[in-house]
Each structure stands twice: as C-alpha cells, then as structure tokens.
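Data block below; observations after.
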Amino acid sequence: MSQRASAEVGDLAAPSSLWDRFVGSWAWPTTVFVLLLVGWEAYVRLSGILPVILPAPSAVLSYMWVQRELLLENAWPTVLHCLLGFVLAVVGGIAIAVLITQFTTIRRGFYPLVVGIALIPKISVAPLFTLWFGAGTVARVSLVFFIAFFPMVVSPASGLMSVDAGLLRMARAFGASRSQIFWSLRVPSAMPYVFDGMKVAMSLAVIGIIVAEFVTADRGLGYLVIFATGLLDTTMMLAAIILLSIIGLGLYFAIETAGRIVVYWRS
Amino acid sequence: MAQIEITNVSKNFGFGNRAVVALDRVNLQIEKGSFVSLCGPSGCGKSTLLTLMLGLQAPSGGEIRINEQPVLSPDKSIGTVFQDANLMPWRTVLSNILYPVELRRLPKAQFRERALELLDLVGLRRFADHYPAELSGGMRQRVSICRALILDPDILLMDEPFSALDALTRDEMSLELQRIWSLHGKTVVFVTHSIREAVFLSDRVVVMGLAPGRITEEFDISLERPRSAEIETVDRFNTLIHDIRGSIARGRIGVDVEMERT
Ligand SMILES: Nc1ncnc2c1ncn2[C@@H]1O[C@H](COP(=O)(O)OP(=O)(O)OP(=O)(O)O)[C@@H](O)[C@H]1O
Ligand SMILES: [Mg+2]
C-alpha cells in the first residue's frame, strides 16, 4: 500500500470542520447542481417563458422517461458509430505513432504532414465526406475517425519519446537492445500519454458523430436534435442533448477509470 | 595484467569553439578485486571515463580493455549504479532488481532467490513487493545496488551513488558497500566528491584535474580493513584526506587556462 503517498495527501486535505468535510465530498457539487436545476425550474414557472424557448427541467425529464424508447433507439447508432470511429482512431493513431517514433525516414517524411493536417478544422470536411462516402454509416464513422485520429498520433508519439534519460542510460548500460528498450521502457512511459490522448480523442469523437448526424443521418441523437429543431420541439431537443451529454461523460469516465487501472503507478 | 586497462584514452566532445577535451590521454590500471575511487573537480571527466568503461560511448583515442577484451559495447560482467537510482516506477522492487536478468533472457525464477538474498543484504527484504514511490531515496539507491549485483558481475562501476542521500544515510551506505565489497570481492570503481568517503572505502584514490580532464595524482590507501567510523581518529586517515584535498585543489587550475593567460 502507498502509505507514504496517502499520508501526504491526507495531511493537505485533512478535514477540519464539518463544513470543510462537506465541501471536500461529492455532496457539495451535487448540491450546486440540484440548486441550479431548482433555479431553472422556478424561473420557467415564475416568468411564464414559452416552452418553445425554454422548457422546465421537470418537463424535459418526464419527456425523457415517456419517450425513453425513442431516445434509446436513437442513442444506439450514435454510440456505436462513435465507438467504432474512436477505436479505429486509437488503433491507427498508435500504430502511426510507433512508426513515426521508431523510423527516422518515416518521421522526416510524414510527421510534418500529420501536424499540418492536425491543424485543419476537421468539422469543415464533413460535407466532403458525404460526397465521397455517401450518406451512410461509412461517412459518419470516417468523420469520427478523422477527427479523433490526430490526438491519438501526437500524444502517444510524444509519450514514446518521453522516456526518462536516466532510465534509458541505465537500460543501455545493462545491455538492453532497441526492441527491449521499446517494450520495457517506451511502452510503459507512453501509457499516461496514450490515455491523455484517448480522453481528447473521445471528446472529439462525440463532437464528430453529432456533426456527422447533423449533416447526414436518418437516425441518431444528432439527427434527433436537427429533427426536433424542424418541429420546434425544444423539449425533445433538450432531451437528446442531455442524453448525449450523459453518454459523453460516461465514455470519458470509462477512459479515465481504465487509465487509472493501467497507469497504476501514477496515483 | 590488470583487470581494467585504460591506455592513452582521450575523449573529445563538440567541434570548433565548442570543443571540449573531456579526457586527455588517461592511463589507469585497476587490479581485480580492488576498490578504486575517482575524485576531482566538477567537469574533470569522471562520469565520462565511467561511460567509456561501460561501453556506452567509444573513446576518441586510446583503448580500454576489460579482462583483456577491448570494450565495444555494454558487458554482462559489469554492474553499474548511477547517481539516481533509476528504478522503473511501474515495477516492484523485486522486478526492478530482476531487470538485468530479463534483458539477458535468463530464467527469472532462478534469480528470484538471489534477488531476495541481496535484498536481505541491504535490509529491504520486506519491501520486495513495494513500488519505488513507496521507498525513501536511500532505500531506492540500495535497491539499485541490488540490481547491479544480481548477475554477480566481476566489476561494479558507481557514479556518485550516494550523493542524493543525507549525511547519516550516506555513512551507513558506505559501511554497507564496504561489507558487500569484502563479502563478494568485486572490483569497484567509485566516483565521489566526498574525499572522506573515498579514503574510507578505497585501496586507491585517483585524483583527476580539469581542462583538459586528466589524471593528476594517485594515492595508495594502505589503511587496515575492515574500517569503521573509528578510523577518523587515525592520523594517517586524516593526513590522506588533507593531501588529497590539496591535490584536487591544484588540479582545478587547468593547463589550457594557464596558457591562455600568458
Ligand atoms: N555528451 C556530452 N556532450 C558534450 N560535452 C560533454 C558530454 N558529456 C560530457 N561533456 C563534457 O565533458 C566534460 C566532463 O564531463 P563529466 O560529466 O565527465 O564530468 P564529471 O567529472 O563527471 O563532473 P561532475 O563531478 O560534475 O559529475 C565536461 O566539460 C562536460 O561539459
Ligand atoms: Mg559526473
């Protein structure tokens, strides 16, 4: 057990009073959140604002419950395509990162290109992808892949190069070969970077799938937002947006948790 | 023939007006089983000499032979301890010690017992399954000494291994190193800025000078072993420290610098 580490943190965050303990726990942010919802609800009821402009949170929540089947039916393709594009970006990005860091020729030729393309505002190519790949799944997954790919190259690549110089010297002194250094030093050193890259890639992937569904789709939560706009059904729109946020947060925390397990030595 | 034969070794870094002569025609013979310390001002090439002996870099001129073989690349018969422990934070203490075994593709199971014995030797057996982050600096450095010893190398090269430690731990580690050395009879080359430590541990102290990096003087330390803290009351011990300090001070004035001034 890391008694030393936890003792240090414990000393800093030692709860002194009841109030400090409250602020330090989950209760405090939860309270803030609930208060904001109550404020929103009260504002809608007291001001008589039109539901088309701003529906009450209670209305949105009850809509979500009543229309749960419609929402889940549309959530499924969104999640699936988002994950598909994300996984492809992770696998492809790491593969390219390895090639770039291990072979000087490839790095010289391709890295400037990768950095250059990384600077393109990627959402702008969404219509182009529709032109190339049609209006189907391929276009959507491609956009997600394209938008999530670059952080998955840049971050693992810098991770693979980030090995501590002292460790590198030590390994060489003990006769480690290039491939031994790669597996025993570079890969573990890159892990924190890989997960940082995955967090960025995941938030971008969620944006990517929504934009893709805005542009071309007949299903999905992004499609539902556009569809609701056409109907002026703000409640439906907010319901879809809230569900999207929940999904995005869920995926993000899944990566965060996986990262904490894999990079166990960085707590 | 000595176990380590350093003949006319030079090492230059950089070009043009950034050129540095880190080592200039260094000659040094180190006998098997002896404990030799390198002392000298910062920048005189102590680490460079060790790096060359490790085979991590090639000399610009001259030759280093270990066990009559020219040093071309890192060798199994050498164990090394650096200024920092350089432990991998994602591996346990035991797994860190077994790293050289793994690199040689030897069966790890066979070396497990030995690793635990070494941990016993430095009093850290119960930390075998801990991670480096849970250890103090001194404990980590002891683990790195175990790692250097795991393949039972004939030669141990140590570059300021105790410089990150507090004075008391440092003295303890000196005693421990002396004990390990006397038990295992290895050849040790030990770089330190502490003259006291060098005299305490060594059979021979080699003093190096600056600009260019070179050997200026050698001292035989014929004090009785085993040595304990009591040695500070021995006159000869203190005389040696005094003489070596003077020698280092003289070596700080570089040859090049003198010539430029005239
Ligand atoms: N890789 C390198 N590139 C350029 N110059 C170097 C390199 N390594 C060492 N030097 C130079 O060689 C000289 C000797 O350096 P070295 O590290 O061997 O000194 P040292 O005696 O170990 O000093 P210290 O006691 O501070 O550790 C220095 O002038 C340093 O600037
Ligand atoms: Mg040095």
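By convention in this document, chain letters (A, B, ...) are assigned in the order of the sequence lines, proteins followed by strands, and residues within each chain are numbered from 1.
A/Phe103 and A/Phe110 have their aromatic ring centers separated by at least 6.0 angstrom. Between B/Phe35 and B/Phe190, the gap from one ring centroid to the other is short of 6.0 Å.
Per-residue counts of heavy-atom pairs under 4.5 Å with chain A were compared for B/Pro89, B/Gly79, B/Ser73; the largest is that of B/Pro89. Residue with the most contacts toward chain A among B/Arg91, B/Gln83, B/Met88, B/Glu102: B/Met88 (heavy-atom pairs, distance under 4.5 Å). By number of non-hydrogen pairs under 4.5 angstrom with chain B, the leading residue of A/Val263, A/Leu167, A/Asp164 is A/Leu167. In terms of non-hydrogen atom pairs under 4.5 Å with chain A, the most contact-rich of B/Leu54, B/Leu56, B/Val81 is B/Leu56.
Contacts between A/Arg169 and chain B at a heavy-atom distance below 4.5 Å involve backbone atoms as well as side-chain atoms. The parts of B/Thr80 that come within reach of chain A are both its backbone and its side chain, each placing non-hydrogen atoms under 4.5 angstrom from that chain. Residue B/Leu157: no heavy atom, backbone or side chain, is found under 4.5 Å from chain A.
Between the side chains of A/Glu213 and A/Thr78, at least one donor N or O sits under 3.5 Å from an acceptor N or O.
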* Asked: Do B/Thr169 and B/Asp166 pass the side-chain hydrogen bond (donor to acceptor under 3.5 Å, both in side chains) test, and can you show the C-alpha distance, the side-chain angles, and the key distance before you say yes or no?
  -> CA-CA 6 Å; B/Thr169 316; B/Asp166 67 87; 2.4 Å; yes
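Between A/Trp19 and A/Phe22, the ring planes lie tilted relative to each other; the angle falls in the 30° to 60° range.
For the pair A/Ala89 and A/Phe145, the tightest heavy-atom approach, listed with the atom from each and the gap, is N-CD1, 3.4 Å.
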